[in-house]
Amino acid sequence: MSGNTSLIDMMNARMYVGGQWIGSRNCATFEVRSPNNQAVVGVVPNGGAVETKQAIDAAQAAFASWSKLTSYKRAEYLINIRDLMLAHREELAEIMSVEMGKVYAESLGEVSYAASFLEWFAEEGKRVYGETIPASAENKRLLVIKQPVGVVAAITPWNFPLAMLTRKLGPALAAGCTAIAKPALQSPLTALAFAKITEMAGLPEGVVNIVTGDAEPISDEIFRNPFIKKVSFTGSTEVGKLLVRKSSEQLIKLSLELGGHAPFIVFDDADLEKAAAGALASKFRNAGQTCICANRIYVQRNVADEFTDILTDKVKALRVGNSLNRDAQIGPLVSEQGLKKVHQHVVDAVNKGAKVLCGGKRAADLDTGYYYEPTVLGDVSDEMLIMFEETFGPVAPVITFDTDEEIVERANQTPYGLAAYLYTNNLNRAISVAEALQFGIVGLNDAVPSVAQAPFGGIKESGFGREGGHQGLDEYVYLKYISIQL
Ligand code: NAP
């Protein structure tokens, strides 16, 4: 793509603060390079503490009037934004594909998924109900109301650059909060294009602000600024833990959507064709760079060979290519660092006895980009790195198990608790295993469980808080109890 879209000038991008398009005060910028070929596709301001404070001030100023609008009026704005996003879906998808490498077909899907959060929360905002409580004295009336927390900060990752924004800003705005967002360094252009859409939708200035730049100075300002009342973070567990420590200074309310290490369990009574199609969808979506993707594929011993053959055939058929190619199914990994980590997991597994059934190396004919061949590993064992570290790449390790009790114990043996999957046609087994898995999300014969109307989030070191569902809005309101004496 040329760099000139109708939404933003990618080679001379600006941050969106208080309804203005600004550079950084010291004119510092950073380049965005496409993982397809390392070409520079954007130049973006490198904002810091000063611009972050400016954005927070703008959000605080906008809060007074935004929080007083009716939820019906706020819903109108959210629906306008949704409609404009969908009207610009091809353009948004291209920006996303070129800057972080998601294949175009999936980027289009992400625009729809991102838009669904705006629709859902526009409606949910109308249902922020309070309570009346029967009093124990005749002259008393007891009320509970829910009020917006105030200015919210959203820190988002590169792997879902649009959906992670709307999953946070949708409920925040619907609840009556205003917001600043800091997108990842690898995907600022999608966030700025989204900001443009909020401007086109007539969203009052200061309600949404986007600051681009290095994470530390921006987050330091976020966590020390007294106007910030809530931080919603999606990213690695390592950074999540750091933010917990930072939030203790002002006791800022936090939601953390962190890493995962999902077990994908296939029982011998499962429909193996469906299970393999599910494993393919879960493991290879976004080239394996999703927090809920299958990390460890456990197959009951007596069907392991059959399942592995079906899966390997499907993986061999995946088309690797430039993320802008309309028929590519696997794009590049986001960075060289990501590519190295994936290969390290494969080499480690092979050194410890794994067999490469397909793939297993960088895609040779696409060597200026960060492409890795879709890979299936057999003869995998529990001590291999890939069995306990997030791979974030297109590598499917297949390992066997024997009994239900054993697999539940092995699946739960991880500090993470985001998503788990099981495939079975036995109802008793389905219910008992789903209940025993220590994860926030369980896909039962379902590899793609994320939808706007259901609560998404983890337990253990995958974080806390929920996004989506009616629960997603609770993160942005606080309860006020009003005791009335007549
Ligand atoms: P990351 O390094 O933690 O980055 C995520 C965001 O945090 C980026 O905006 C990043 O900014 C920012 N950040 C980095 N260091 C920071 C600091 N010291 N203080 C404040 N912010 C900081 O994660 P990633 O590697 O980009 O993303 C992949 C991770 O996200 C994986 O672990 C994945 O499982 C997780 N994830 C979870 C979910 C979920 O819903 N649970 C969804 C998607 C992804 P810079 O880009 O400027 O460094």
Side-chain angles (χ1 to χ4, degrees), residues 30 32 35 44-49 52 99-102 110 113-114 117 153-168 180-191 210-224 228 231-247 252 254-262 285-295 333-335 337-338 341-342 389-393 414-419 439-441 449-450 454-468 472 475:
F30 65 93
V32 181
V44 176
N46 195 356
T52 307
E99 72 172 338
M100 51 67 67
K102 180 169 294 183
E110 182 172 340
Y113 177 55
F117 287 103
I155 303 177
T156 54
W158 50 265
N159 62 346
F160 286 91
L162 194 57
M164 296 304 104
L165 265 186
T166 58
R167 201 160 82 171
K168 297 178 190 312
I180 82 154
K182 180 247 170 290
L185 283 175
Q186 290 103 334
S187 59
L189 298 166
T190 306
I210 308 277
V211 180
T212 54
D214 293 328
E216 275 203 39
I218 294 175
S219 80
D220 283 350
E221 178 58 33
I222 287 172
F223 282 96
R224 72 172 160 246
I228 294 288
V231 175
S232 178
F233 171 78
T234 297
S236 59
T237 294
E238 187 191 353
V239 174
K241 288 181 179 177
L242 184 80
L243 300 191
V244 170
R245 290 193 284 276
K246 282 190 177 183
S247 71
I252 289 176
L254 268 186
S255 298
L256 299 175
E257 296 285 352
L258 308 177
H261 203 274
R285 191 162 62 104
N286 204 16
Q289 302 169 111
T290 74
C291 53
I292 59 167
C293 76
N295 277 267
L333 295 169
V334 74
S335 64
Q337 196 191 355
K341 181 175 187 193
V342 169
E389 269 188 15
E390 243 185 328
T391 308
F392 247 53
T414 169
Y416 294 113
L418 186 55
F439 296 82
I441 301 164
S450 314
F456 184 104
I459 58 172
K460 296 159 67 179
E461 293 193 17
S462 292
F464 44 75
R466 289 294 179 269
E467 294 189 318
E475 304 285 336

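Just so we're clear, the structure is a prediction, and the values are computed from it rather than from any experiment. The figures here come from the full heavy-atom set of this structure, side chains too, leaving out hydrogens, waters and symmetry mates. Whatever order the structure lists ligands and atoms in, that order sets their numbers, starting from 1.
Of all protein heavy atoms, the one closest to atom 46 (O) of ligand 1 is Leu185 N, 2.8 Å. The protein heavy atom nearest to atom 23 (O) of ligand 1 is Ser236 N, 3.4 Å. Taking atom 44 (C) of ligand 1 as the reference point, the nearest protein heavy-atom neighbour is Asn159 ND2, 3.3 Å. With respect to atom 21 (N) of ligand 1, the closest heavy atom belonging to the protein is Ala215 CB, 3.7 Å. At the top of the distance list for atom 35 (C) of ligand 1, counting protein heavy atoms only, stands Gly235 O, 3.1 Å. In terms of protein heavy atoms, atom 31 (C) of ligand 1 is closest to Phe392 CZ, 3.5 Å. Scanning the protein for heavy atoms near atom 25 (O) of ligand 1, the closest one is Trp158 NE1, 3.8 Å. Scanning the protein heavy atoms around atom 18 (N) of ligand 1, the nearest turns out to be Leu242 CD2, 3.2 Å.
Note on ligand 1: Phe160 sits outside its first shell, no heavy atom being nearer than 4.0 Å. Within the 4.0 Å heavy-atom shell around ligand 1 one does not find Thr237.
Under the salt bridge (Lys or Arg N to Asp or Glu O under 4.0 Å) criterion, Asp214 pairs with no residue at all, not counting sequence neighbours.
With a 4.0 Å heavy-atom cut-off, ligand 1 is reached by the side chain of Ser219 but not by its N, CA, C or O. Only the side chain of Ile155 comes within 4.0 Å of ligand 1, counting heavy atoms alone; its backbone N, CA, C and O stay farther away. By the criterion of a heavy-atom distance under 4.0 Å, the backbone of Leu258, and not its side chain, is placed next to ligand 1. Only the side chain of Arg167 comes within 4.0 Å of ligand 1, counting heavy atoms alone; its backbone N, CA, C and O stay farther away. By the criterion of a heavy-atom distance under 4.0 Å, the side chain of Val239, and not its backbone, is placed next to ligand 1. Under 4.0 Å from ligand 1, the heavy atoms of Phe233 that appear belong solely to its side chain. At a heavy-atom cutoff of 4.0 Å, ligand 1 is contacted by the side chain of Leu418 but not by its backbone.
Interface atoms of ligand 1 facing Thr156, defined by a heavy-atom separation under 4.0 Å, are 6 (C), 8 (C), 9 (O). Close contacts of ligand 1 with Leu243, meaning ligand atoms under 4.0 Å from a residue heavy atom, involve 19 (N), 20 (C). For ligand 1 and Ala184, the ligand atoms under 4.0 Å from any heavy atom of the residue are 8 (C), 9 (O), 46 (O). Within ligand 1, counting atoms from 1 as listed, the ones closer than 4.0 Å to a heavy atom of Glu390 are 31 (C), 32 (O), 33 (C), 34 (O).
In terms of heavy-atom proximity, Thr391 sits nearest to Val342 at O-CG2, 3.6 Å. For the residue pair Leu254 and Leu243, the shortest heavy atom distance occurs at CD1-O, 4.0 Å. Of all non-hydrogen atoms in Leu185 and Gly213, the two that sit nearest each other are CD2-O, 3.7 Å. Heavy atoms only, all atoms of each residue included: Phe439 and His261 are closest at CE2-O, 4.3 Å.
Closer than 4.0 Å to atom 27 (O) of ligand 1 lies at least one heavy atom of the protein.
Residue Asp214 has no nitrogen or oxygen atom sitting less than 3.5 Å from a nitrogen or oxygen atom of ligand 1, judged on distance alone. Checked against a 3.5 angstrom limit, the closest N/O atoms of Glu216 and ligand 1 fall outside it.
For atom 39 (C) of ligand 1, the choice among Gly213, Pro188, Cys291 with the nearest heavy atom turns out to be Cys291.
Ion pair Glu467/Lys168 flagged as a salt bridge, since at least one NZ, NE, NH1 or NH2 atom sits closer than 4.0 Å to an Asp/Glu carboxylate oxygen.
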